[in-house]
Amino acid sequence: MKRVGTLLLACFALGCEGWVGAPPEDEVSECRPVEIFPGARLLTRVEYQRTVRDLLGEPGDPTRDFPPEPTVNGMNNDARTHVVNPLLLEQFQSSAQLLAQGARERGWGRLVDCAELGRGCAVRFLDHFGTRAYRRPLTEDERDSLLHLYDRVEPSLGSEDAFAAVLEAMLASPQFLYRVEALRDEDGAGAEPLGAYELASRLSYFLWGSTPDDELLRAAKDGDLASANGLDHQARRLLDDPRAREQVREFHRRWLGLDRFTGLVRQDGPEGVGVSLEESLLRFLDDIFWNQANDATSGTLGALFRSPRLHVDGAIAPLYGVRLDGDTAWHAVDAPSERHGLLTQPGLLSLLAHTEQSSPITRGVFVWEKLLCSPVPAPPPDVNNTPPDPDPGLTTRERFKVHTADPSCASCHRLIDPVGFGFENYDQLGRYRSEENGLPVDASGAVHDSPDPELEGDFVGLFELSEKLAESRLVLDCLTRTWMTFALGRGLEFRVPQANSLPTADACSLDDSVTASLDQEGNLREVLLGIVRTPAFRQRAAREPDVEVTP
Amino acid sequence: MTTRFDRRAWLKAAGCGGLALPLLDGARAHASAPVAPLRIVIVYTPNGTVPKNWFPVDPRSESEFELGSILTPLAPFRDRLTLLSGIDSAVGLDPSNPGGPHQRGIGSLFTGERLGAGEFKDGCGQMAGWPAGPSLDQVVARIIGEDTPFRSLEFGVRCYDNDVQGRISYSAADLPLPPMNDPGAAYSRLFRPSTPIDPSDPNGRARSVLDAVHGQFTALRKRVGRDDRAKLDAHVTLLRDLERQLGLGVAHCDAPEAPPALDPESEDDMPLVSRAHLDLLAAAFACDLTRVASLQYSTGFNRIRYPWLGSLGEGHSLSHAGESNVTAWGELTSRLTWHASELAYFIDRLQSIPEGDGTVFDNTLILWGSEVHQGNTHALTSLPYLILGDAGGRIRTGIHATYDGRSNAELLLTIARAYGYEEPSFGAAGFCDDVLSGLLV
């Protein structure tokens, strides 16, 4: 499993400077180093909101009108494309102002422990609060410039206003707005390792989508994160915090594209049905992820595809035959005859549907792209892809048959449709049906040309398809890739210069993370803990010296 | 909702005669500006057009033609519009360009640019990045947008795709400008009092905070590598733009009534959102908050419906219907006719704002376009472009200008010329030889 020792050799051969970020316990992998990558990552809306909440106790959401981040690989934290624009900058500036006002109103005593406000207290504020806001101790330059601001404002406006001015400046500064990695010494010489503080931020923004807390900053300061055990201990601590639950939800939203629930309209669905359907799906996923019983209902990849659990509130219960007798709260019920894991969840099924009918194509494509990470080729641009009008004399399956009848469509649709047809027991709201238009539903399907031979072959309905997926290493591999993309905020790199080159660090890291989970029966939490241990997460390649001569 | 801006009253008060300038704090007003300010708006609607109801059928000559049924709401402005046939996305047709047809079409629609490599997925799996250069509105903004608090405004109606399909405005390569979908947020951005920078007080609070922020940038900048430095520098540039904006002071302009609370994601509110945006844009022009705007209605892969028209198909799917599908093409026609009526409403609003001897519309040009010719072919030839207004008499109108497959970059160059753009070319190299003949006055 471990690929020890040859890394430095390989690295020298490639002419790079070697790893930065000491691998715990001298384990190194026989892998190509991580690509040089921008180290300045702008906070996303979610990260910003949680960061100011955890830092300042800000109760509101200042990011309500922030423009959304670009969507790349389904995620919104891509370091290359998520860059500042005029609208976002305006929002950063006015938000900094409002947050500083809010902090002032709540009182400085919450953020700094001083007998009285004054210059000495300002110094203390920068040492303590500053370290939390910048996620590392301030440099001398940074400290001086902020104290200078204090000195400019205090004489005319007083210390309360001067504190607010300093806080506002910090919140509008790149040290706060960006997570910056690979800083060099203040004199610009030499590359630093991915420092302990940088790793602390990677960890907290991966598992919380928020800023490191005091304990994590302490661990960084004391060098705890340099050991595998120390890092793992902190990762587990973070996962046990309620903030991790929010972040897992955020991942699920991105992975499954839940943005599309906004304004969702489905025939027979009450107005605003999308809100309940999204929550129902998220509750199902929470249950699987957090309940660590490792049985058929929770904890593992197997449970994700097998759980009979269904979450309903008063608005959607009647759609799925659940009687709540006027109770509007959320309830979890087991519906083993109709529900068997993620694929049978009403939320997912209605998302993957048209307004008035199911969509075998969208559902088939979902399985290939999101569960197998094997996108199917595009249709020709001039093809007519209007869903056939619902015809009372036919089933959906019969209406979509044209795909496999037309040879130009058949090459791809022989992959997509037989998977999608397996979903036909569920309509546009994910209601179970055994008949459509008075005709029996045929939910037989097949997986053709799968990269995983275990998945190959015929199946009938989602119960059988789910059983195949639950046992597939390819599915765990795909889910882990998606988590890694989320964790690293960049596309993964699997390409190598030559066929016989070493695998990339991303490839090795993926492999290690999947194995970590498989060692625990496909436990989903272990996927995250595994990712934290990988070189892709802990390290970054050194840059070439790139020192600017200051004029 | 309808607030009329009587610019004449302000101008009288300012003693500016017929000159169209709002009153401003500080040293902003140009005492001797000789002409009224020019303005430009670009508008996008998705999935092409229904050609037989858009392009004139059997036109008798350049100026003798019947408007297609889609454009009937614009009939009152027939002499103020120019229909264009035969303008292709030449760069989009170039096979070396990455991405799917919707991506290449919208990416080049107002930029004339190819797409960079990237990881945005077309609905059909092709991958591409952002366009490799700025859009027309932003090129023009560099010329006419520097004297207003906002160099430009970007509004959207149900634009959800946060990738190349969801953007039409680019300030430079890889730098899209996101649209605001929520009129309420747009209203408070435009009319909320901001903290101006008082140039007479170099130690004022706002100035001091900004100086400290610059100090933080400087401290960080010397410790990061090349790529990150570029990122930080881009941030500082935008910060300086904002400072310029804050230093301009605020126009003495009565804020219009705030728009009603609307859900920008609701299909039922969509027509109200559209109207609110158009009202805000008209107000922003009247108050000279900006002279440049873009308005994007949804995106190529949209699934939106237009229930107030009784059109319940999902947009992108609907546009794939074959011509024999009379119902689908009827729905598409009614949607486009609705879009034309929205623009007619906007022109009415602009005509209600006096400026000089005429109205704001006289000094405005609106360019409406879509990313493909028609939805079910995805053809990038003869894109449905329509010019409304003549930018202060600089563009010929009242005509149907037909070309035999000229590059859209040349159309963009021609319009930019009307605003004083002097570069010889627009967009990607090799796809823009000259301005289009017969358009510039």
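Letters A, B, ... mirror the listed sequences (proteins, then strands); counts begin at 1.
At a 4.5 Å heavy-atom cutoff, the contact between Leu177(A) and chain B is made by side-chain atoms alone. Contact of Ser266(B) with chain A is not made at all, since no heavy-atom distance falls under 4.5 Å. Only the side chain of Ser94(A) comes within contact range of chain B, with at least one heavy atom under 4.5 Å from a heavy atom of that chain. Of the atoms belonging to Ala100(A), not a single heavy atom falls under 4.5 Å from chain B. Both the backbone and the side chain of Glu265(B) come within contact range of chain A, each with at least one heavy atom under 4.5 Å from a heavy atom of that chain. Heavy atoms closer than 4.5 Å to chain B are found in the side chain of Val265(A), but not in its backbone. Using a 4.5 Å cut-off between heavy atoms, Leu146(A) touches chain B through backbone and side chain atoms alike. Residue contact with chain B, scored on non-hydrogen atoms closer than 4.5 Å, involves the backbone of Glu69(A) exclusively. Contacts of Arg151(B) with chain A are absent, with no heavy-atom separation under 4.5 Å from either backbone or side chain. With a 4.5 Å cut-off on non-hydrogen atoms, Leu153(B) does not touch chain A at all. In this structure, the portion of Tyr134(A) lying under 4.5 Å from any heavy atom of chain B is its side chain and not its backbone.
Using a 4.5 Å heavy-atom cutoff, the side chains of Lys121(B) and Asn73(A) are not in contact. Contact of the Phe150(B) side chain with the Pro86(A) side chain is not registered, since no non-hydrogen atoms from C-beta on lie closer than 4.5 Å. Contact check for Leu87(A) versus Leu177(B): no side-chain heavy atoms found under the 4.5 Å cut-off. Counting heavy atoms from C-beta on, the side chains of Tyr160(B) and Asp259(A) never come closer than 4.5 Å. Glu168(A) has its side chain out of reach of Val213(B): every pair of non-hydrogen atoms, C-beta onward, lies at least 4.5 Å apart. A heavy-atom distance below 4.5 Å is not found between the side chains of Gln216(B) and Met170(A). Contact annotation: the side chain of Val180(A) approaches that of Val224(B) to within less than 4.5 Å [non-hydrogen atoms, C-beta and beyond]. Annotation: side chain of Leu242(B) is in contact with side chain of Glu90(A) (closest heavy-atom distance under 4.5 Å).
Between atom CD of residue Glu314(B) and atom CD of residue Glu356(A) there is a gap of 8.0 Å, rounded to the nearest 0.5 Å. Distance check: Asp174(B) CG to Arg80(A) CZ gives 11.0 Å after rounding to the nearest 0.5 Å. The CG atom of Asp182(B) lies 6.5 Å from the CZ atom of Arg64(A); values are rounded to the nearest 0.5 Å. For the atom pair Arg152(A) CZ and Asp211(B) CG, the distance stands at 4.5 Å (nearest 0.5 Å). Taken from NE2 in His82(A) to CG in Asn162(B), the straight-line distance is 11.0 Å, to the nearest 0.5 Å. Ser188(B) contributes atom OG, which lies 6.0 Å from atom CG of Asp65(A) (distance to the nearest 0.5 angstrom).
Checked by atom type and distance alone, the side chain of Lys231(B) pairs as donor or acceptor with a backbone atom of Ala40(A) at under 3.5 Å.
Counting heavy-atom pairs closer than 4.5 Å to chain A, the top residue among Met180(B), Arg189(B), Glu154(B) is Arg189(B). Per-residue heavy-atom pair counts under 4.5 Å with chain A were compared for Leu175(B), Leu239(B), Asp163(B), and the maximum is reached by Leu239(B). Contact tally against chain A (heavy-atom pairs below 4.5 Å) for Ala186(B), Pro178(B), Pro179(B): the top residue is Pro178(B). Top candidate by heavy-atom pairs under 4.5 Å with chain A, chosen from Ser208(B), Gly118(B), Ala234(B), Gly184(B), is Ser208(B). With chain B as partner, the option from Ala165(A), Ala172(A), Ala162(A), Pro67(A) having the largest number of non-hydrogen pairs under 4.5 angstrom is Ala165(A).
Other residues, nucleotides and ligands contribute only 12 or fewer heavy atoms inside 6.0 Å of the NE2 atom of His148(A).
Of all the heavy atoms in Pro174(A) and Leu232(B), the pair that sits closest is CB-CD2, 3.8 Å. Looking at every heavy atom in both residues, Ala353(A) comes nearest to Arg303(B) through O-NH1, 3.4 Å. When all heavy atoms are compared, the tightest approach of Ser145(A) to Ala212(B) is OG-O, 3.5 Å. Heavy atoms only, all atoms of each residue included: Arg205(B) and Ala164(A) are closest at NH2-C, 3.7 Å.
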- Query: Would Val84(A) and Leu238(B) satisfy side-chain contact (heavy atoms from CB on, under 4.5 Å), going step by step from the backbone distance to the final call?
  - Reply: CA-CA 8 Å; Val84(A) 73; Leu238(B) 291 181; 3.7 Å; yes
- Step by step, would you call Lys222(B) with Asp141(A) a side-chain contact (heavy atoms from CB on, under 4.5 Å)? CA-CA 11 Å; Lys222(B) 56 188 181 193; Asp141(A) 282 0; 2.6 Å; yes
- Item | side-chain contact (heavy atoms from CB on, under 4.5 Å) assessment of His235(B) paired with Tyr178(A) | CA-CA 11 Å; His235(B) 195 127; Tyr178(A) 294 82; 2.8 Å; yes
- Task: Begin with the C-alpha distance, continue with both residues' side-chain angles, and end with the deciding distance and a verdict on side-chain contact (heavy atoms from CB on, under 4.5 Å) for Asp161(B) and Thr71(A).
- Result: CA-CA 8 Å; Asp161(B) 293 338; Thr71(A) 309; over 6 Å; no
- Message: Working note: Arg490(A) + Glu119(B), criterion salt bridge (Lys or Arg N to Asp or Glu O under 4.0 Å); need CA distance, chi angles, decisive distance, verdict.
- Response: CA-CA 10 Å; Arg490(A) 59 173 175 83; Glu119(B) 292 169 285; over 6 Å; no
